[in-house]
Amino acid sequence: MALQVQSLARVFAYNGTELPCPGNNLSVDEVRDIYSATFPELTNATVEGPEDKGDKLLYKFVKTAGAKG
């Protein structure tokens, strides 16, 4: 009986939307930096996860609350 190794795809979520991983060679922080061009509020966001969702690993971008002024 042969043992199979299966890699899990990384998926990122923000505000209820799943975002595909732009590259497995990128760190989670680098992915956040890439998506911060589209979602500027991600610049200061934290990352939760990964959470095993069957055939994928889910990372969540969570906005940090801040005060203006």
Side-chain angles (χ1 to χ4, degrees):
M1 177 183 257
L3 188 63
Q4 283 188 321
V5 176
Q6 181 181 7
S7 62
L8 301 176
R10 294 190 308 177
V11 176
F12 296 84
Y14 175 64
N15 206 18
T17 303
E18 280 195 8
L19 307 167
C21 181
N24 287 331
N25 60 328
L26 300 172
S27 72
V28 175
D29 290 333
E30 289 173 323
V31 172
R32 183 189 63 206
D33 292 344
I34 288 171
Y35 279 119
S36 67
T38 305
F39 305 101
E41 60 271 24
L42 291 182
T43 304
N44 297 323
T46 59
V47 181
E48 292 181 356
E51 184 180 336
D52 186 1
K53 292 291 188 178
D55 63 341
K56 58 187 171 186
L57 293 175
L58 178 67
Y59 293 85
K60 293 181 183 177
F61 295 125
V62 180
K63 288 192 296 185
T64 55
K68 284 189 173 183

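Throughout, numbering of the chain's residues begins at 1 and tracks the sequence.
Residues passing the side chain to side chain donor-acceptor pair (under 3.5 Å) test with K56 are E18, sequence neighbours excluded. Applying the side-chain contact (heavy atoms from CB on, under 4.5 Å) rule to N25 yields no partners; only residues at least two apart in sequence or on another chain are considered. E51 is linked by a side chain to side chain donor-acceptor pair (under 3.5 Å) to K53, counting only residues two or more places apart in sequence or in another chain. Residues passing the side chain to side chain donor-acceptor pair (under 3.5 Å) test with Y35: none are found, sequence neighbours excluded. By the ring pair (Phe, Tyr, Trp, His ring centres under 6.0 Å) test, F61 pairs with F12, sequence neighbours left out. The side-chain contact (heavy atoms from CB on, under 4.5 Å) test applied to T46 returns V62, T64, not counting sequence neighbours. Applying the side chain to side chain donor-acceptor pair (under 3.5 Å) rule to K63 yields no partners; only residues at least two apart in sequence or on another chain are considered.
Taking Ile, Leu, Val, Met, Phe, Trp and Tyr as hydrophobic and joining them when side-chain heavy atoms fall under 4.5 Å apart, one finds L58 in a cluster with V11.
Here the CG-CG distance, from L42 to L19, works out to 8.0 Å after rounding to the nearest 0.5 Å.
Counting only residues at least two apart or in different chains, salt bridge (Lys or Arg N to Asp or Glu O under 4.0 Å) contacts with residues 22-43 comprise D29-R32.
Here the shortest heavy-atom pairing between C21 and N24 reads SG-OD1, 3.8 Å. Taking each heavy atom of R10 and V31 in turn, the nearest pair found is NH2-CG2, 3.9 Å. Taking all atoms of both residues into account, the shortest heavy-atom contact from P50 to Y59 is CB-CZ, 3.5 Å. Of all non-hydrogen atoms in L26 and P22, the two that sit nearest each other are CD1-CG, 3.9 Å.
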Derivation and outcome, side-chain contact (heavy atoms from CB on, under 4.5 Å), residues F39 and N15
CA-CA 10 Å; F39 305 101; N15 206 18; over 6 Å; no

